[in-house]
Amino acid sequence: MVISRTIKVIQEFIKLESAAGIILFIFAVLAIIFNNSPWQSYYTALQHLPIDLKIGPIFFTSSLLHCVNDGLMAFFFFLVGLEIKREIIIGELNSIQKFALPGFAALGGMIVPAIIYAAFNLHNSINLTGWAIPVATDIAFALGVIALLGQRIPIALKVFLTALAILDDLGAIIIIAIFYTQHISYIFLTLAVLCLVILLILNFIGILNILIYLVVGIALWVCVLKSGIHATIAGVALAMFIPLKDHKNSQNSPLRKIEHRLHPWIAFLVLPIFAFLNAGLSFEGVNLSTLNNPITLGIALGLFFGKQIGVFLTSWLAVKLKLAKLPAGVDWGWIYGIALICGIGFTMSLFIGDLAFNEATPIDATLIRLGVIIGSCLSGIVGFFVLFLKGSPTHQHRDHITKN
């Protein structure tokens, strides 16, 4: 019964993420079309549209692009934080046995791509700043590819990919917090810590009113933004304090309610807007030297080769050393296919690229976008065909898991 309910939850999650992946792809293609058309100037003007915001004595002035990346994407990271908390407490990461294989796979899938990128850019300290661009997996795109395969692959494999991608996102969040923080304002950092203490107290005394958490969360976002740490980290931090359970009513879960209501908005509004404003690769000036640029090569090869090598190799080592075991009905052919799919970086890769190369380290954004798109497309296409050829259009995999 429990396994059957878990499968249903996973299927609903995959269905939503799969549709989101398709929408994300459409908006990314639209961005490329607009940026290579007579409307290119309008697209650029939209990216740099000035936005002014005043909250009490604190004044913000920025472009639409940075408002989306610093503001709207905080909601995306808030949702990621909710998913991480749920999976760790009651989901597919709530035990060492469940955590082990996707944990090792995610770790290898971050380390090897970073090494490959660094190998191409060791000679240039500015280029080296982007070492983390190929480390993350785009869960929406990855599950979108998996959805195209239907019943050809085991449910257990989809669960493994979901857990791996969530841990991958957690790793990317930690990297952003540690390595892509600029100057630190200790006054605002202290105020941010105070907000976290308030959230902890609210959680400890059993406050379930979400509005109170969100008010403190807004204050936390402002303090984190002004502290010099990237503002999206506030979304993850807030999520960690949202109550998962109501001890007086077992049917009430504030975290699940927020996650359920927020997910469609993130999937079908926030991420498409982000993709449209960030994925606009211009082919003007793109030539062989652009493709051979160390940044482009480091990102593309880090995603395509680094991810498959890192995910597969660490998974194999973990199983051989008896630190983890393969899911039921899954063999190494399946794991290799998933390792390829993990090379779809897109959203997180573009996001980290924007952090790595900003006004302080100016790099042609075309190099980043080209590397991300090439690496992600190769990973998605090859991964799809590997899993397609490996799979069988039957229900045997689902039946096997349900009986167990």
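Looking at Y43, its side chain never comes within 3.5 Å of a backbone N or O of I33 through a donor-acceptor pair. S227 places no side-chain N or O within 3.5 Å of a backbone atom of L189 that could act as its donor or acceptor partner. Under a 3.5 Å cut-off, the side chain of K257 and the backbone N or O of N252 do not form any donor-acceptor pair. Looking at T129, its side chain does come within 3.5 Å of a backbone N or O of I126 through a donor-acceptor pair. A donor-acceptor pair under 3.5 Å links the side-chain atoms of N36 to the main chain of F283, judged by distance alone.
Classified by interplanar angle (parallel below 30°, tilted 30° to 60°, perpendicular above 60°), the ring pair F384/F388 is parallel. In this pair, W39 and F34 present their aromatic rings tilted. The plane angle is within the 30 to 60° band.
To the nearest 0.5 Å, atoms CG (D354) and CG (N278) are separated by 6.0 Å. The CG atom of L194 sits 10.0 Å away from the CG atom of L199 when rounded to the nearest 0.5 Å.
The side-chain contact (heavy atoms from CB on, under 4.5 Å) search around I111 returns L107, I115, not counting sequence neighbours. Under the ring pair (Phe, Tyr, Trp, His ring centres under 6.0 Å) criterion, F77 pairs with F351, not counting sequence neighbours.
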Inset, instruction - Using the side-chain contact (heavy atoms from CB on, under 4.5 Å) rule, take F188 and L191 through it: C-alpha gap first, then chi angles, then the decisive distance, then the call. - result: CA-CA 5 Å; F188 280 102; L191 291 173; 4.2 Å; yes

Inset, instruction - Tell me, with the steps shown, if R86 and L255 meet side-chain contact (heavy atoms from CB on, under 4.5 Å). - result: CA-CA 8 Å; R86 171 176 50 77; L255 185 147; 4.0 Å; yes

Inset, instruction - Apply side-chain contact (heavy atoms from CB on, under 4.5 Å) to the pair V236 and V80, showing each step before the final yes or no. - result: CA-CA 7 Å; V236 181; V80 170; 5.5 Å; no

Inset, instruction - Walk me through it: do F76 and F274 pass the test side-chain contact (heavy atoms from CB on, under 4.5 Å)? - result: CA-CA 10 Å; F76 165 72; F274 171 85; over 6 Å; no

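Among residue pairs with one or both ends in residues 161-170, those qualifying as salt bridge (Lys or Arg N to Asp or Glu O under 4.0 Å) are D168-K307; sequence neighbours excluded.
Remark: L389 CG is packed, more than 12 non-hydrogen atoms of other residues, nucleotides or ligands lying under 6.0 Å away.
Among all heavy-atom pairs drawn from S349 and I133, the shortest one is OG-O, 2.8 Å. Closest non-hydrogen pair, I266 versus P272, comes out as O-CD, 4.0 Å.
Of the residues listed (F120, F179, Y117), the one engaging W131 in a ring-ring contact (aromatic ring centres under 6.0 Å, His included) is F179, and it is the only one.
No side-chain heavy atom of F304 sits less than 4.5 Å from a side-chain heavy atom of S376.
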